[in-house]
*Asks:* 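Please see the structure below; I have some questions.
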Amino acid sequence: EFIAGGAFARHLRALRRQMAPRRAALISALAEWLGDRITILPQEVGLHLTITLNGDAPPGADMLIAGRAAERGLDLAALSPHSDAAGHQGFLLGYAAWDDAKLAAAVETLAQAL
């Protein structure tokens, strides 16, 4: 009934409207703090962004960065443990539960860990 009655589609539209400003705030903070040190992979919707590290990061570099970020109170999901391809160094960044100020602070922490 939820799907057939159109409630699911309405819910998705409302969620997209609600998440768009958070997504934009995260992208803005990433550009400000990390600039050309990362690449944001193309994703138009969702509750996460995927970023990769630019340059020649040694294998497991994202895991080391995640460890340094954890010491600063930021929990990062590194990509390398989930990839069989060498060179996939980066992070999956969730933003659904964060307001703009927390997103900016988290990106600053990530930049310090880099």
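No hydrogens, no waters, no symmetry mates; every other heavy atom, side chains included, goes into these values.
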*Asks:* Among pairs that include at least one residue of residues 61-74, which meet side-chain hydrogen bond (donor to acceptor under 3.5 Å, both in side chains), considering only residues two or more places apart or in two chains?
*Replies:*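 Listed by first then second residue: Asp62-Ser80.
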*Asks:* Side chains of Phe91 and Leu53: does their closest heavy-atom pair fall under 4.5 Å?
*Replies:*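 Yes, side chains in contact.
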*Asks:* Please check if the side chain of Thr109 supplies one atom and the backbone of Ala105 the other of a donor-acceptor pair under 3.5 Å.
*Replies:*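 Yes; judged by distance alone, with no hydrogens or angles, the pair exists.
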*Asks:* Distance check, rounded to the nearest 0.5 Å: Met63 atom CE versus Leu79 atom CG?
*Replies:*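 Nearest 0.5 Å value for the CE-CG distance: 11.0 Å.
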*Asks:* To the nearest 0.5 Å, how far apart are CD in Glu108 and CG in Leu110?
*Replies:*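 Reported to 0.5 Å precision, the distance equals 11.0 Å.
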*Asks:* Atom CG of Leu26 and atom NE2 of His48: how far apart are they, to the nearest 0.5 Å?
*Replies:*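 These two atoms lie 11.0 Å from each other.
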*Asks:* Should Ile38 and Tyr95 be counted in the same cluster of Ile, Leu, Val, Met, Phe, Trp and Tyr side chains packed under 4.5 Å apart?
*Replies:*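 Ile38 and Tyr95: one cluster.
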*Asks:* Considering non-hydrogen atoms only, spot the tightest contact between Ala104 and Ala29 and give its length.
*Replies:*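 Heavy atoms of Ala104 and Ala29 come nearest at CA-CB, 4.2 Å.
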*Asks:* About how many Å separate CZ of Arg13 and CD of Gln18, when rounded to the nearest 0.5 Å?
*Replies:*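 It comes to 15.0 Å.
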*Asks:* If hydrophobic clusters are built from ILVMFWY residues whose side chains come within less than 4.5 Å, do Ile51 and Leu47 share one?
*Replies:*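 Yes: a chain of side-chain contacts under 4.5 Å links Ile51 to Leu47.
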*Asks:* Less than 4.5 Å apart, any side-chain heavy atom of Val107 and any of Leu93?
*Replies:*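 The answer is no; the side chains never approach within 4.5 Å.
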*Asks:* Test of understanding: clusters of I, L, V, M, F, W, Y form through side-chain heavy atoms closer than 4.5 Å, transitively. Do Leu103 and Ile65 belong to the same one?
*Replies:*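 They do share one cluster, since a chain of ILVMFWY contacts under 4.5 Å joins Leu103 to Ile65.
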*Asks:* Nearest 0.5 Å, what's the CD1-CG distance between Ile40 and Leu30?
*Replies:*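 Answer for the CD1-CG pair, Ile40 versus Leu30, is 5.0 Å.
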*Asks:* Are Met19 and Leu92 linked, directly or through other ILVMFWY residues, by side chains that come within less than 4.5 angstrom of each other?
*Replies:*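 Each belongs to a different hydrophobic cluster.
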